[in-house]
There are 2 protein chains.
Amino acid sequence: MAALRLLLAGFGNVAQRFVEILADRQDYSGLAGFDVQVVAITTGSHGAWSVPVGLEPASILEEYRAQGRLPDKIDTLNAVRTLDYDVLVELSPLNIARKGEPAISHVREALLRGRHVVSANKGPVAWAYRELQDLARAKGVRFLHEATVMDGAPIFNLGRHCLRGNKILRLDGILNSTSNVVLCEMERGLSLPEAVKKAQAMGIAEADPSADLAGWDAAVKLTALANALMEADLTPERIDRHSIEHITMEELVSALSRGRRIKMVCEAERVDGTVRGSVTIHELPREHPFARMEGAGSVLRLHTDLLGKLVIAEDEPDLSTTAYGVIIDLMNLADR
Amino acid sequence: MAALRLLLAGFGNVAQRFVEILADRQDYSGLAGFDVQVVAITTGSHGAWSVPVGLEPASILEEYRAQGRLPDKIDTLNAVRTLDYDVLVELSPLNIARKGEPAISHVREALLRGRHVVSANKGPVAWAYRELQDLARAKGVRFLHEATVMDGAPIFNLGRHCLRGNKILRLDGILNSTSNVVLCEMERGLSLPEAVKKAQAMGIAEADPSADLAGWDAAVKLTALANALMEADLTPERIDRHSIEHITMEELVSALSRGRRIKMVCEAERVDGTVRGSVTIHELPREHPFARMEGAGSVLRLHTDLLGKLVIAEDEPDLSTTAYGVIIDLMNLADR
């Protein structure tokens, strides 16, 4: 595998876990020969850093954790445009209100310069997939995004390498952790606000969970899947989206007493030559493949013309799972 | 994709479904450019056929179904050794008593002649994996076997393409359809013989179901997975194997009344630098990812060092699913 020089845009939990794995790389036999070097890191409000040549990943983390910020000042867009690197690793937080910006601009500028992009940020895949893939192709580079849906579970790689010859007719699944944790806790008797508080204490729900509860995060992920796996050209606004905010603890407990569970279900389907998507609140029978999903797990079912139905589930994901999504993309790039 | 000339060894249900898909290829947009030609078919007791050049797949089936057998007489080993073809597609039935023979000899002879092999027969993967892979490598050809476990669900392709960088520490799953159908029917109040009869009527259990009930088929599949995905060098005899033949309907119904299900669980694990396998009868809590498996479905869970736990399940597989396992292998060969 070729060596790759990385520009990390964003240095939150996933980025730090990624650098931790690089620091502990000798613990993972599968990473032998995986040769990447972090040449720069940018953040929104915690500074930036042109990492000194040869500095070890462990030292990068040490420095950041000691200072609480990075020593330089360059902003991400400038860094993307001017620094020297092989791959932009887009790890900045998703901004739904700004329809995926500024991450889309970061990705576009990197591709325009003929640099590969690995994105863990869902925005570019949900709001600008066709444009960015076409641009990558025109420039002879790649735009990969395994970590955007179901953390690092290899959904997009599965679609690319393991379903050849199939047409995906429909896909459905449970894709948003926060809403699933909240629904599970409400089944145990908590009110919605109590369940949200618990999900926050578990480190799963964000300080403002409204985008998760209202199905926005699910709609963004569903759009990413439909665009990449079903050749759709959707944006999240076009998803028929429903919220769990009106669901009561009583409804959940009553469903459970009848052997059923209420879940937020994402679905994309080919209808009359186009792909339509929905995020709806469904009462599922207990034997349904989605009914068993607990907590932060997620599940996706692919309905194909040749292979039939394939279900992929991720149980108890953690930060390593998402960081792995970035690693598999980088490995695929290093092979070229 | 390059054109491939195929020798089909075996012409049972899966082989016929494969040829049917070739005949209906225009119905599957994903098969555009998939260019294979069946040049010969051999069977154990239904004759053989050097298919006339240019004969359409539909006509092959018509001929076979009209005559109930094929017109020529060459046996498989001779055909493998003397006919001209690019890929041996090994579709003969698994023979457990003969430890995978004669399929292993078919595969070995084809590889020795520098021909690719695609096997839907589990025997060669369970009893001669290392030898055959080493031979394929030495000859510069490939030995692929996607259809051997979980029908055509792309388990081996997933391991090859989608788990890069991971080490598989453990894998477990439900892999034998017959025993699972039988256990499900016994939960509904049937005795073991009644449940077996029902599974036979459904077309799932064989006339002699003992290899399935005793865990042999599961042990063979587990061995194939451990050899291919965990670099093991196992044979099915070395699996710690348990039967469902002593399980009673009362035990199953009692477990169910406590919200639990009894399942035949396959497991392979790294212990002290080696891989150990077992097929055991487990009582699983209802929320366990294997507990929901109904009927002929199968499920596999991979425990990895980086990605964590990934569950792949196949619901309601049919002959097309298995035939697809052969197709994806051929597509990968055609790309070379």
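Because only heavy atoms are used, hydrogens play no part in the values below, and waters and symmetry mates are left out as well, while side chains stay in. Every chain is numbered from 1, with letters handed out A, B, ... down the list of sequences.
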Quick check for you: among [options], which has the greatest number of heavy-atom pairs under 4.5 Å with chain B?
{"options": "L306(A), I155(A), I312(A), T321(A)", "value": "L306(A)"}
{"options": "A32(A), P289(A), P317(A)", "value": "P289(A)"}
{"options": "R292(A), R164(A), K309(A)", "value": "R164(A)"}

So, for D315(A) and V311(B), which heavy atoms are closest and what is the spacing to 0.1 Å?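 In this case the closest contact between D315(A) and V311(B) is OD2-CG2, 4.2 Å.
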Check L310(B) against P154(A) and note the closest heavy-atom contact, atom names and distance.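 Heavy atoms only, the tightest pair is CD2-CD, 3.9 Å.
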[atom1] of [X] to [atom2] of [Y]: how many Å apart, nearest 0.5 Å?
{"X": "E314(A)", "Y": "L307(B)", "atom1": "CD", "atom2": "CG", "answer": "7.0 Å"}
{"X": "D305(B)", "Y": "L31(A)", "atom1": "CG", "atom2": "CG", "answer": "7.5 Å"}
{"X": "L163(B)", "Y": "I328(A)", "atom1": "CG", "atom2": "CD1", "answer": "7.0 Å"}
{"X": "E146(A)", "Y": "C162(B)", "atom1": "CD", "atom2": "SG", "answer": "7.5 Å"}
{"X": "T304(A)", "Y": "Y28(B)", "atom1": "OG1", "atom2": "OH", "answer": "10.0 Å"}
{"X": "R286(A)", "Y": "E287(B)", "atom1": "CZ", "atom2": "CD", "answer": "8.0 Å"}

So which of I327(B), D27(B), N157(B), D151(B) has the largest heavy-atom pair count under 4.5 angstrom toward chain A?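 Among I327(B), D27(B), N157(B), D151(B), the one with the most close pairs to chain A is N157(B).
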